[in-house]
Structure formats: C-alpha cells, structure tokens
2 protein chains.
Amino acid sequence: MNSTTNTNKKIKSTKEKILDAAFELISTYGYKGASVRKIARAVGIRESAIYNHFKNKDEIFKEIMKNLFSSPIDDFFDRKPLLESAKKGRRFLNEYVASFKLVSFDVKNEKFFKIIILELMQNSEVRELFLKYFYQENIKKLSQAFFVMMQEGIIKYSDPMLMAQEFFAPLFYYRLQITLLRMDSKPTNILSTIFEKHVSFFWENIAII
Amino acid sequence: MNSTTNTNKKIKSTKEKILDAAFELISTYGYKGASVRKIARAVGIRESAIYNHFKNKDEIFKEIMKNLFSSPIDDFFDRKPLLESAKKGRRFLNEYVASFKLVSFDVKNEKFFKIIILELMQNSEVRELFLKYFYQENIKKLSQAFFVMMQEGIIKYSDPMLMAQEFFAPLFYYRLQITLLRMDSKPTNILSTIFEKHVSFFWENIAII
DNA sequence: GTCTATAGAGAGATAGAC
DNA sequence: GTCTATCTCTCTATAGAC
C-alpha cells in the first residue's frame, strides 16, 4: 500500500483533480459553459496539460456521465430484498421516501441532478439514461412493490404501474423545487416535511380500511 | 388598416423574423447555443443587421421570455369563474387536465417548455417565473378549487394546498416525459391516456363515497 | 507531465459606406 | 435598414521545448 492507492486522506492525481473541477463547473454552467479553460484554471494548470489526461473535452464529460445515475436510490433497492420488504406496506414507502429525501438534500447529489436537468434537452444520451433510470429502475421496482402489497391485501387493487408513477412523480417534482429554491438561497422549510406528507396522502388513498 | 397591421396572411417584419428564428434556435440549443450568427443566417441577413432591431442578444431573449409563461393553461382559469366551475368536481378536473394535455402535445408550447427546462439551471429569472407560474398560478388556483369541493362536500377534507400539489406534480412529470420521448421520436402511446388515468386515480382517492 | 506558442474557428458587437 | 470590414474575446486543440 503506497501513496498511489490513496487509502485515507488521498493525494489526488491531476486526472482526479480535473474530473472534480469539471464536475463542479458542469453542474453550474453545463457542458458548453464549462470550458477547458475554466477547468484548467480551477485545477491550476494550463489547458494543454488537460490533454495529457483526456483525449478531448468530451472524454471528460463521458467519465462524469458514468456516475450520473448511480445514486443512493439505486442502493436502496440493492440493500434489501424488494419482495420481502414490500410486505411492510406503508413502512416500506416511508423508507423509500426517506432515502429519496436524503438524496434530494445531499449537496453532491444535487449537483448530479443539476447536470441531468442542464443536459436533458441537449444530450440524447442523458435523456436515454434519464428515462431508463427513472423508469426501469424506480418505477418498475416500485410497481413490483405495489403489486406485492396488493397480493398481501394491504392496498386496493389497481394498475401497479400507474400507481408507481403516481407515487413517484410528486417526489421528482418536489426534488426539482427544492433544487431551484436552494439555487437562489430561498427557504425550503415549506418543503421539508412534504415528502412525509406525500406518503401519508398517498397511503390514505390506497390503503384498505 | 394597411400592411403594417398584418391582419391576415401577415407579411412579417424583419424584427418578427428575428424573433421567430431566435425562438426556434433557443428552443433547440438554449440561449448560449443560439448565437447571433445562427439567428442571422436563419433569417437571411447579416449579423450586424440584427443590431438595428435589438440592442444586443440579451434583448432578443428578453422579448421571447415575455411569452414564456403565458400559455393556454392560464387561459383556462381566465375563461371560467373558478369558484363556480370547481363545484362540478371531477368534471372540473377533467376539463383542467384536458387543457393541460392539449398544451403538452402542442408543438409551439413544447418549444416554450424546452426553453424553460434548458434555462432553468442557468437563468434565475426563468427560475423565478417558473416557480411563480407553477406555484402561484396553478397550484394556488387548484387549491382554491379543491377547497370549494371540500365545502361542497364532494371530496374529503384535507390540506387543499397539498392536494393541489399532489394533483399537479404528475401532470408536470408526464409532460416532461412526453417531451423527452418526442425529442428522440420515440412512441408516446403509453402516455396518451395517462392524463385521464391520473384524474381517475386521483378522484377515486379523494371523492366521498 | 507540464509548459509556451500558436492555429483556426466561432462568439458578440461596432464603424462607416451605400 | 442592410451591407462589408473589422475588433476583441473565447473556445478547442496541437506542436514542440523542457
């Protein structure tokens, strides 16, 4: 174990520094606005030095894109057996939303979210990943969970896919609002409990009894 | 009434042509990407000629911004007395959503929507208008409508503001998805009836009986 | 692996002839 | 009101010295 493994305090390589600076700049100015000039200045090197680590600007973005959708929400589904924990009904939804809320208020994840929105209308690959991530990953798994709940007789019978979308959409909407408010340093206290309220509102309406 | 009033087929002035071209370009490339060069080329004039009609590039964007949020959804609330039509309950929601759906699939409005998303993370004024429009205009009026329904005993008692947000959020989410799918010429048939399904799902859960 | 120097394109904007 | 010509800046990227 030498310094190159960067176990603890990690001395960052120039390549890592470039990626960090690029990530920061792209999340505020977007891909076009984050120029190689700005990135180099942020790192403290010349533009030409960038090209010793990346073939071109696009390669930098591609590297950052790899982590764009690997957020803690995925981990949520990985952490526990879906079909088993779904049986917990409302408690399952509470846990899911708590995880989503944590991600929404996390600074690093907020920057990823900003990049997604910034590039959504410009980059078809981002669109592809966006639809895949929010659909395949979240909606599909949520609909499975709702299906389990129906089978268990905890909630009313309905279209699980529709239910999943109806459940997820407000989460996305609230997250977007939080991000926008925070960008202009506006208070988000109105939204601090909205996630919990959402679960209550939703549950009241799908639960049996 | 002479040719300058442009009553019927309207011979467009250069200024109008510039605005049209700029609108088109901004909706695909964003503000930064829609260069004065590109706009001039699209109109068929030189860049310098642009400056006879607008002080600078920013003035062009400001002019377009004026119409950014004056969409037909506003008209919906203007057209009919809110407190009276809200008493119709589900029929009111159906009409509101039908209006929203029309806007979502309208090509011109889709371009406005794209500009909003493109500039949301870059332009604080767009953010301001976005929050104002979607909050003050839509959510506030919807919550008034829900309050009326509660008073009338058509729906269960609850927080009208929360209800309005929960009702509106999926509409926004579905609209975004439709826009993204259409950008890559992907089928939207899965979403063609989602707006109606949303009303059904929501209504079932708030209605008394 | 970093630097200087430079190329070549595209950006916003202005001066002045017609 | 449109043109040509031009200025100044910023951008991505490469060549070659150290």
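Naming: A, B, ... by sequence-line order, numbering from 1 per chain.
Remark: B/S35 is not in phosphate contact with C/dG10, judged by side-chain N or O atoms under 4.0 Å from OP1 or OP2. Contact annotation: A/S48 does not reach the phosphate of C/dC3 (side-chain N/O to OP1 or OP2, under 4.0 Å).
Distance, B/I50 CD1 to C/dA15 P: 18 Å, rounded to whole Å. Across the protein-nucleic acid pair, A/Y29 atom OH and D/dT10 atom C1' stand 15 Å apart, rounded to whole Å. The separation between B/F54 atom CZ and C/dG12 atom P is 14 Å, rounded to whole Å. Regarding A/E59, its CD atom lies at a distance of 15 Å from the P atom of D/dT12, rounded to whole Å. The separation between A/R37 atom CZ and C/dC3 atom P is 15 Å, rounded to whole Å. Between the P atom of C/dG16 and the CD atom of B/E47 lies a distance of 19 Å, rounded to the nearest Å. Per the geometry, CZ belonging to B/R46 stands 6 Å off P belonging to D/dC3, to the nearest Å. The nearest whole Å value for the distance from the OH atom in B/Y51 to the P atom in D/dA5 is 19 Å.
Contact record, A/F92 with A/A145: CE2-CB, 3.5 Å, taken as the closest heavy-atom pair.
Ring geometry for A/Y174 versus A/F195: interplanar angle over 60°, hence perpendicular rather than tilted (30 to 60°).
Checking A/K38 against B/I45, the closest nucleotide of DNA chain D that is more toward the 5' end is the one next to B/I45.
Look at A/K141 and A/E137 and you find a salt bridge, because one of the NZ, NE, NH1 or NH2 atoms lies within 4.0 Å of a carboxylate O, short of that distance. A salt bridge links B/E196 to B/K101: at least one charged side-chain nitrogen sits closer than 4.0 Å to a carboxylate oxygen.
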